[in-house]
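Positions are given from 1, in the same order as the sequence printed here.
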Amino acid sequence: MMKGIRVLFTVAVATLVASAPALAQRGTTMVAVQGGATLSDFTSTGSAFFSNTRWGGTAGVFIGRTFGRNAQANLDVNWEQKGGGEVRVDYVNIPLTVGGGLVASQGWNVRGYIGIGIGFKVSCKDNLASATIDACDNAKSSEWTLPFGFFFGKWSNSGKFFGIDTRMVVSLSDAFEISSVNNRSLQFRAVLGTKVGR
């Protein structure tokens, strides 16, 4: 698992390094707030284990930069409710994503993206009936994540933008010390932002 995380991290860094000349060119820097709902569960690699899903919330901010026609790199800081069944674990997740897409007429665009992130546990709650299981005592303090998704939005003439973001966040590391289960979260978010600087 750690080897796979290192490979993904290396790919993400290499992509950003390769994009550095383009990022230095003319582009638009933007900031935004975002928030919405999550639908999460626990799954186990190599087995048929899936927990019941649970709904939660997410909110955060990002800073991004466009380069070329519709390519973009973003750095987010998001609060995310994850978990499954009777267990909920909240994280602050910091993903770095890169992507590109199509610009349609009148400022509309659709963009796919992928990246890598690290999440830090901020709270945990379980309602497990068995007194022999204490999931929260065994929840790991951090996780590596693989975020990928699609953004559909529109720029206004005043430099503001709004859109809808659909994102899948897959944990690349185990959620608990005592079991090989991973978080998986489908996120639906509204995004509102503005360009900054020139």
* Asked: Gln187 and Asn78: side chain to side chain donor-acceptor pair (under 3.5 Å), yes or no, with the steps?
  -> CA-CA 11 Å; Gln187 304 181 358; Asn78 299 313; 5.5 Å; no
* Looking at NZ of Lys121 and OG of Ser142, how far apart are the two atoms once the value is rounded to the nearest 0.5 Å? -> 10.0 Å
* **Connected via hydrophobic side-chain network under 4.5 Å: Tyr91 and Val181** => yes
* Quick one: does Thr194's side chain get under 4.5 Å of Val31's, heavy atoms only? -> yes
* In this structure, are over 12 heavy atoms from other groups packed under 6.0 Å from Lys140 atom NZ? -> yes
* Kindly determine whether Leu146 and Ile114 satisfy side chain to side chain contact (heavy atoms under 4.5 Å, CB included), including the steps that lead there. => CA-CA 7 Å; Leu146 174 68; Ile114 191 168; 4.0 Å; yes
* Asked: Should Asp41 and Arg184 count as side-chain neighbours, where that means a heavy-atom distance under 4.5 Å?
  -> yes
* Residue pair Pro147 / Thr97, side-chain heavy-atom distance below 4.5 Å -> yes
* Closest non-hydrogen atom pair, Ser173 against Ser171 -> O-OG, 2.6 Å
* To do: Using the side chain to side chain contact (heavy atoms under 4.5 Å, CB included) rule, take Ile94 and Leu75 through it: C-alpha gap first, then chi angles, then the decisive distance, then the call.
  => CA-CA 7 Å; Ile94 306 172; Leu75 180 65; 4.1 Å; yes
* Any link between Val169 and Phe188 through a network of hydrophobic side chains (Ile, Leu, Val, Met, Phe, Trp, Tyr) touching at under 4.5 Å? -> no
* Would you say the side chain of Asp76 lies within less than 4.5 Å of the side chain of Gln34, judging by non-hydrogen atoms? -> yes
* Would you say the side chain of Phe151 lies within less than 4.5 Å of the side chain of Val110, judging by non-hydrogen atoms? -> no
* Asked: What is the minimum heavy-atom distance between Cys124 and Val87, and which atoms define it?
  -> SG-CG1, 4.4 Å
* Asked: Between OG1 of Thr66 and CG of Asn74, what distance do you get to the nearest 0.5 Å?
  -> 10.0 Å
* Asked: Atom CG in Asn182, atom CZ in Phe42: separation rounded to 0.5 Å?
  -> 9.5 Å
* Would you say Val191 and Ile164 are hydrophobically clustered, going by side-chain heavy atoms of ILVMFWY under 4.5 Å? -> no
* Are side-chain heavy atoms of Ile116 and Trp144 found at a separation under 4.5 Å? -> yes
* Asked: About how many Å separate CE of Met168 and OG of Ser185, when rounded to the nearest 0.5 Å?
  -> 7.5 Å
* After noting the C-alpha distance and the side-chain angles of Arg111 and Asp165, does the key distance pass the salt bridge (Lys or Arg N to Asp or Glu O under 4.0 Å) rule? -> CA-CA 10 Å; Arg111 177 175 53 86; Asp165 183 67; 5.8 Å; no
* Below 6.0 angstrom between ring centroids: does that apply to Tyr113 and Phe150? -> no
* Asked: Between Gln81 and Arg54, is any pair of side-chain heavy atoms under 4.5 Å apart?
  -> no
* Heavy-atom pair of closest approach, residues Ile118 and Asn93 -> O-OD1, 2.9 Å
* Check whether any side-chain heavy atom of Phe176 sits under 4.5 Å from a side-chain heavy atom of Asp174, and report yes or no. => no
* Stepwise, does the salt bridge (Lys or Arg N to Asp or Glu O under 4.0 Å) test hold for Lys82 with Glu143? -> CA-CA 12 Å; Lys82 297 183 182 180; Glu143 64 172 7; 2.6 Å; yes
* Asked: Does the pair Arg189 and Arg167 meet the rule for a side chain to side chain contact (heavy atoms under 4.5 Å, CB included), with working shown?
  -> CA-CA 8 Å; Arg189 305 183 301 173; Arg167 173 178 293 191; 3.1 Å; yes
* Asked: How are the rings of Phe161 and Trp155 set relative to one another: parallel (under 30°), tilted (30 to 60°) or perpendicular (over 60°)?
  -> tilted
* To do: Walk me through it: do Leu186 and Thr38 pass the test side chain to side chain contact (heavy atoms under 4.5 Å, CB included)?
  => CA-CA 6 Å; Leu186 181 59; Thr38 64; over 6 Å; no
